Amino acid sequence: MTGNYRDPTHIDVPNNIDPNHVSTEVKQLAKWLREKMYGIDVREAIARAVEQMSSDVYDDQQVVDELEKLIDELNKEWLNTLNGLTQDAEVKNARTDIKNVVYTTLKERLDSEQTHNITHLTVANVDELQTLRIDGLTKASTPVKYANEKQVNDALNPRSQGLMIQSVSLIKLKKVSDIA
């Protein structure tokens with residue numbers, strides 16, 4: 001097949017392609033196309049340029065596919081958020097903790113709980129000996145520590161030890177008499 005070269009004019013349109021956006025591989029291929037003397041080398045440069053473009057399109061398509069997946073996930077998450085909207089009264093109610101302390105915002109309340117790391121222990125109507133273990137509890141531990149407030153002894157039983165802290169990590173509370 002013979003070439004049909006009918007345009008004798010040179011390309012005089014300026015090259016507006018930003019060279020910073022062209023990979024080094026493509027720059028090399030363009031250089032070979034412009035400078036190689038033998039047709040076999042020019043054809044090889046054209047073939048490699050076509051392969052490079054195909055590879056670039058494939059890579060771009062992979063990015064597009066991942067972005068489409070991300071868009072779908074975000075759309076689903078947004079719809080779930082819209083479908084699960086809370087009522088204003090629910091949020092306002094959640095600003096009040098169990099001790100009836102009212103916080104300005106729900107975030108303020110949650111931050112306060114997380115910052116203080118508080119564990120609430122409620123004991124009522126205890127009829128039997130119970131054991132409560134608090135690891136690391138000392139007179140200086142934080143945020144929870146203990147202090148000896150009052151020694152309770154049974155006046156009728158001089159051998160009674162009253163309320164006794166048995167060890168740092170194991171506390172046994174035993175009612176030996178009513179506190180007067």
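Being a predicted model, the structure only gives us computed values, none of them experimental.
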Listed partners of Arg48 passing salt bridge (Lys or Arg N to Asp or Glu O under 4.0 Å), at least two apart =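 Scan of Arg48 (salt bridge (Lys or Arg N to Asp or Glu O under 4.0 Å), adjacent residues dropped) gives Glu44.
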message = Just to verify, what does Asp97 make a salt bridge (Lys or Arg N to Asp or Glu O under 4.0 Å) with, not counting sequence neighbours?
response =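 With neighbours one apart ignored, the set is empty.
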Other hydrophobic cluster members with [X], side-chain heavy atoms of Ile/Leu/Val/Met/Phe/Trp/Tyr under 4.5 Å, chained?
X	answer
Leu67	Val63
Leu70	Leu74
Val57	none

ask   = Going from CZ on Arg95 to OG1 on Thr104, what distance comes out if it is rounded to the nearest 0.5 angstrom?
value =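 With rounding to 0.5 Å, CZ (Arg95) is 8.0 Å from OG1 (Thr104).
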Which atom of Leu33 lies closest to which atom of Ile46, heavy atoms considered =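 Result for this residue pair: CD2-CG1, 3.2 Å.
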Can you list the residues that meet the side chain to side chain contact (heavy atoms under 4.5 Å, CB included) rule with [X], with sequence neighbours excluded?
X	result
Ser54	none
Ala49	Leu29
Thr24	none
Ile17	Asn15, Val22

key: Of all pairs that satisfy side chain to side chain donor-acceptor pair (under 3.5 Å), the ones with a partner from residues 26-39, not counting sequence neighbours   =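 Output for this query is empty, none listed.
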task = Mind jotting down which residue pairs meet the side chain to side chain donor-acceptor pair (under 3.5 Å) criterion with at least one end in residues 55-64? Sequence neighbours excluded, please.
result =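 Listed by first then second residue: Gln52-Asp56, Tyr58-Gln62, Gln61-Asp65.
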query = Under a 4.5 Å cut-off applied to non-hydrogen side-chain atoms, are Val101 and Tyr103 in contact?
reply =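 A side-chain contact exists here, since the closest heavy-atom pair is under 4.5 Å.
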ask   = Where the side chain of Arg109 meets the backbone of Ala94, is there a donor-acceptor pair that is under 3.5 Å apart?
value =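 Checked: pair present.
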inquiry  = Listing request: all salt bridge (Lys or Arg N to Asp or Glu O under 4.0 Å) pairs with a residue in residues 67-85, at least two apart in sequence or in separate chains.
reply    =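 Passing the test, one end in residues 67-85: Glu66-Lys69.
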